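Single-structure report; data block below.
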Amino acid sequence: MVAGAAAPGIYDAALERRKALMGESGPAALVKNFRVFSIAMFACIGGLLYGYNQGVFSGVLVMHSFEQHMGNYAGDLPENQARKGWLTSILELGAWLGCLLSGFIAEVFSRKRGILFATGVFILGVVIQATAIAGSAAHNNILAGRFITGMGVGSLSMIVPMYNAEVAPPEVRGSLIALQQLAICFGIMVSFWIDYGTNYIGGTGKTQTDAAWLVPICLQLFPALVLFGGILFMPFSPRWLVHHGREVEARRVLARLRDLPQDHELVELEFLEIKAQSLFEKRTVAEHFPHLTGTSAWVVFKLQFVAIGSLFKTKAMFKRVIVATVTMFFQQWTGINAVLYYAPTIFKSLGMGSNTTSLLATGVVGIVMFIATIPSVLYIDKLGRKPILTIGAIGMASCHIVIAGIVAKYRDSWTEHPGAGWGAVAMVWLFVVHFGYSWGPCAWIIVAEIWPISNRPYGIALGSSSNWMNNFIVGQVTPNMIADISYGTYLIFGILTFGGAAFIWWFVPETKRLTLEEMDVIFGSEGTAQADIERMEEINKEIGLERIARGSASGSGQVDVYEKGENGMHSEIKEE
């Protein structure tokens with residue numbers, strides 16, 4: 001929000017002009033435009049797969065039939081804890097790799113083909129898991145399948161929101177961000193309850209059939225096939241088309257998406273805004289990396305590494321790198337994914353008497369996380385990032401400390417003190433509530449907001465890679481921590497989460513409602529964003545965008561252009 005922050009009255013006038021052209025913003029726009037609504041639904045499917053994968057394997061791990069199928073490679077024996085950690089965390093390692101590759105794939109082959117490729121990889125991984133033969137070989141089959149599935153999940157978590165942001169009108173992008181986040185939580189919630197239901201197939205003991213764990217694994221195929229088939233009928237991203245010189249097709253796609261004639265004022269305005277952003281990116285690359293101009297696969301591949309290296313060349317940019325990567329470090333070391341991946345195991349260690357009871361308690365985790373996310377979606381821009389992240393971290397850390405105290409006192413006498421076990425379970429539920437409204441959505445917002453436009457894609461990629469790698473490490477070590485140090489697990493998570501609160505409060509600046517220039521000031525790199533603005537102003541004049549915007553909005557159009565231009569890039573990268 002560059003010029004809008006300086007002249008909110010002018011920005012309001014430009015916004016009203018856009019509403020007059022496009023109609024009401026928000027969910028009503030999704031219903032009005034069937035194509036955009038369809039794309040929003042596909043964003044939900046991508047989020048659903050992501051969330052479902054996060055939660056489904058926790059229930060599978062404790063199912064009797066799965067332990068039998070795995071032979072001596074599952075169960076609660078101490079020597080199997082490392083194997084259990086690999087079975088769970090290998091998905092995150094694959095997602096880390098998929099995340100790093102997705103930017104290259106989406107830029108070279110298009111967002112649409114990138115979704116096709118990622119979904120195909122995801123389906124292949126699920127099939128490998130579902131066809132794993134019984135016995136010791138099953139361990140390697142499941143490992144391979146989950147790694148491949150993780151690559152698909154990592155790519156989808158980046159490409160689907162990017163595609164969705166680029167084809168949607170600006171007026172509904174905020175709604176789609178919220179919809180995506182809720183879809184992830186919904187996927188987690190659904191996976192827990194499906195595990196609870198399928199646990200009864202054939203009984204909950206030795207008579208339990210392989211269908212108990214195969215059904216929740218294979219159910220992922222249905223939404224994946226819907227996404228794979230549906231995206232074939234969706235258009236290419238207009239932004240990708242413009243960036244690759246296919247401007248005639250881009251204009252035609254925009255007109256179809258907006259259900260307007262190609263010569264309509266709104267189509268022309270949005271097309272030129274996209275073109276301006278494309279020229280901005282190309283000229284920024286030409287200035288900083290003159291040997292890496294063009295859109296060939298080899299150039300794009302090399303540019304990823306060179307551009308990421310530029311983030312470490314100045315103190316101001318390196319501070320942003322620290323904020324992004326360390327925030328994601330603390331997000332994962334709150335222990336949230338330890339809970340999501342091993343909730344039934346954790347609840348059994350807290351005195352839950354059977355798999356059925358622990359799976360039931362796990363199902364509540366999904367519900368409370370889904371509900372707790374809603375307030376943050378509604379109020380994050382009003383309350384700010386720092387207070388929500390700090391309060392959430394203190395709340396989570398306090399829950400960990402209380403759980404550690406309960407486990408330390410009653411871990412050898414759960415049957416005599418069932419109330420203590422349920423008290424610990426309630427604290428796990430409260431911990432999930434604190435995460436749902438704070439570090440779940442807010443950590444990603446922080447990582448998206450702190451970069452200048454010209455560095456944002458690479459900064460986001462670096463922050464995301466930190467998320468997935470720490471996610472992998474937590475999933476790997478949690479089973480051993482629970483088995484070997486018991487309540488010490490919660491003490492470690494609690495202390496680290498208190499550290500996260502301190503990091504946010506003392507090191508991370510508040511990013512709510514800040515312009516790019518103000519970001520430069522708080523990070524000590526004055527001029528970076530101003531250079532971006534000057535370059536964008538030059539491009540706007542060159543292609544006639546300023547003249548059209550001013551003529552259509554009685555002088556307010558230029559502000560509208562800056563708002564749209566910045567927010568368009570912001571929304572796109574933020575969702576990655």
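Predicted model, so just to flag it, every value in this text is computed and none were measured. The first residue of the sequence shown is numbered 1, and numbering continues consecutively from there.
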Worked check of ring pair (Phe, Tyr, Trp, His ring centres under 6.0 Å) between Trp422 and Tyr410: CA-CA 12 Å; Trp422 279 108; Tyr410 297 106; over 10 Å; no

Closest heavy-atom pair and its distance - Ile388, Ser438: O-CB, 3.4 Å

Intermediate values then yes/no, side chain to side chain contact (heavy atoms under 4.5 Å, CB included), Leu49 and Phe122: CA-CA 9 Å; Leu49 291 175; Phe122 178 90; 3.8 Å; yes

Minimum heavy-atom distance Ile406-Ala420, with the two atoms named: CG2-O, 3.5 Å

Residues which pass side-chain hydrogen bond (donor to acceptor under 3.5 Å, both in side chains) with Thr149, listed by chain and number, not counting sequence neighbours: Gln129

Smallest separation among heavy atoms of Ile394 and Ala501, with atom names: CG1-CB, 4.0 Å

Any donor-acceptor N/O pair, Ser191 side chain to Ile188 backbone, under 3.5 Å: yes

Polar side-chain atom of Ser466 near backbone of Thr325 as donor-acceptor pair, under 3.5 Å: yes

Inter-residue atom distance Thr497.OG1 - His434.NE2, 0.5 Å rounding: 11.5 Å

From Thr209 atom OG1 to His69 atom NE2, the distance as rounded to the nearest 0.5 Å: 12.0 Å

Heavy-atom side-chain proximity of Tyr52 to Ile184 below 4.5 angstrom: no

Donor-acceptor contact present, side-chain Arg320 to main-chain Ile450, <3.5 Å: yes

Thr478 side chain vs Gly475 backbone, donor-acceptor pair below 3.5 Å: no

ring-ring contact (aromatic ring centres under 6.0 Å, His included) involving Phe435 - partner list, sequence neighbours excluded: none

Euclidean distance, Ile90 CD1 relative to Leu143 CG, rounded to 0.5 Å: 5.5 Å

Pair listing, side-chain hydrogen bond (donor to acceptor under 3.5 Å, both in side chains) test, anchored in residues 90-102, at least two apart: Glu92-Tyr341

Aromatic centroids of Trp468 and Tyr50 separated by under 6.0 Å: yes

Contacts of Ser398 that satisfy side-chain hydrogen bond (donor to acceptor under 3.5 Å, both in side chains) - sequence neighbours left out: none

Side chain to side chain contact (heavy atoms under 4.5 Å, CB included) between Ile336 and Phe431, worked out: CA-CA 8 Å; Ile336 181 59; Phe431 162 84; 3.9 Å; yes

Close side-chain approach of Ile473 and Trp333, heavy atoms under 4.5 Å: yes

Met369 side chain reached by Met189 side chain, heavy atoms, under 4.5 Å: no

Minimum heavy-atom distance Tyr437-Gly392, with the two atoms named: OH-CA, 3.6 Å

Heavy-atom donor-acceptor pair, Ser155 side chain to Gly98 backbone, under 3.5 Å: yes

Partner set under side-chain hydrogen bond (donor to acceptor under 3.5 Å, both in side chains) for Asn141, not counting sequence neighbours: none

Derivation and outcome, side chain to side chain contact (heavy atoms under 4.5 Å, CB included), residues Phe312 and Val321: CA-CA 8 Å; Phe312 298 87; Val321 170; 3.7 Å; yes

Those residues that, when tested against Asn337, pass side-chain hydrogen bond (donor to acceptor under 3.5 Å, both in side chains) (two or more places apart): Gln54, Gln332, Asn471

Residue list, side-chain contact (heavy atoms from CB on, under 4.5 Å) with Ile322, at least two apart or on another chain: Phe318, Val326, Phe503, Phe507

Set of residues satisfying side-chain contact (heavy atoms from CB on, under 4.5 Å) with respect to Ala212, sequence neighbours excluded: Met63, Ser65, Ile201, Gln208

Minimum side-chain heavy-atom gap Leu389-Ile446 below 4.5 Å: yes

Side chain Thr489, main chain Ser486, donor-acceptor under 3.5 Å: yes

side-chain contact (heavy atoms from CB on, under 4.5 Å) partners for Leu48, two or more places apart: Phe186, Pro223

Test item: Phe192 and Val365 side chains (from C-beta on) under 4.5 Å apart, heavy atoms: yes

Close side-chain approach of Ile194 and Val56, heavy atoms under 4.5 Å: no

Set of ring-ring contact (aromatic ring centres under 6.0 Å, His included) partners for Phe57, sequence neighbours left out: Phe66

side-chain contact (heavy atoms from CB on, under 4.5 Å), paired with Pro216, selected from Asp195, Val190, Asn199: Asp195

Atom pair CZ (Arg146) and CG (Asn53), whose distance is rounded to the nearest 0.5 Å: 6.5 Å

Met328/Asn470 under side chain to side chain contact (heavy atoms under 4.5 Å, CB included): CA gap, chis, key distance, verdict: CA-CA 8 Å; Met328 283 305 184; Asn470 283 287; 5.6 Å; no

Under the ring-ring contact (aromatic ring centres under 6.0 Å, His included) test, residues paired with Phe493 that sit two or more places apart: His400

Check: Cys399 and Val428 side chains under 4.5 Å, non-hydrogen atoms: no

Which atom of Ala224 lies closest to which atom of Ile123, heavy atoms considered: CB-CG1, 3.8 Å

Heavy-atom closest pair, residues Gly494 and Ile401: CA-CD1, 4.4 Å

Exam field: side chain Lys386 to backbone Pro509, donor-acceptor pair closer than 3.5 Å: no

Value rounded to 0.5 Å, distance of NZ in Lys319 from CG in Leu311: 16.0 Å

With Phe147 via ring-ring contact (aromatic ring centres under 6.0 Å, His included) - residues at least two apart: none

Interatomic spacing from CZ in Phe498 to OG1 in Thr334 - rounded to 0.5 Å: 13.0 Å

Side-chain heavy atoms of Leu101 within contact of Phe104, under 4.5 Å: no

Pair Trp193 + Tyr196: ring centers closer than 6.0 Å: yes

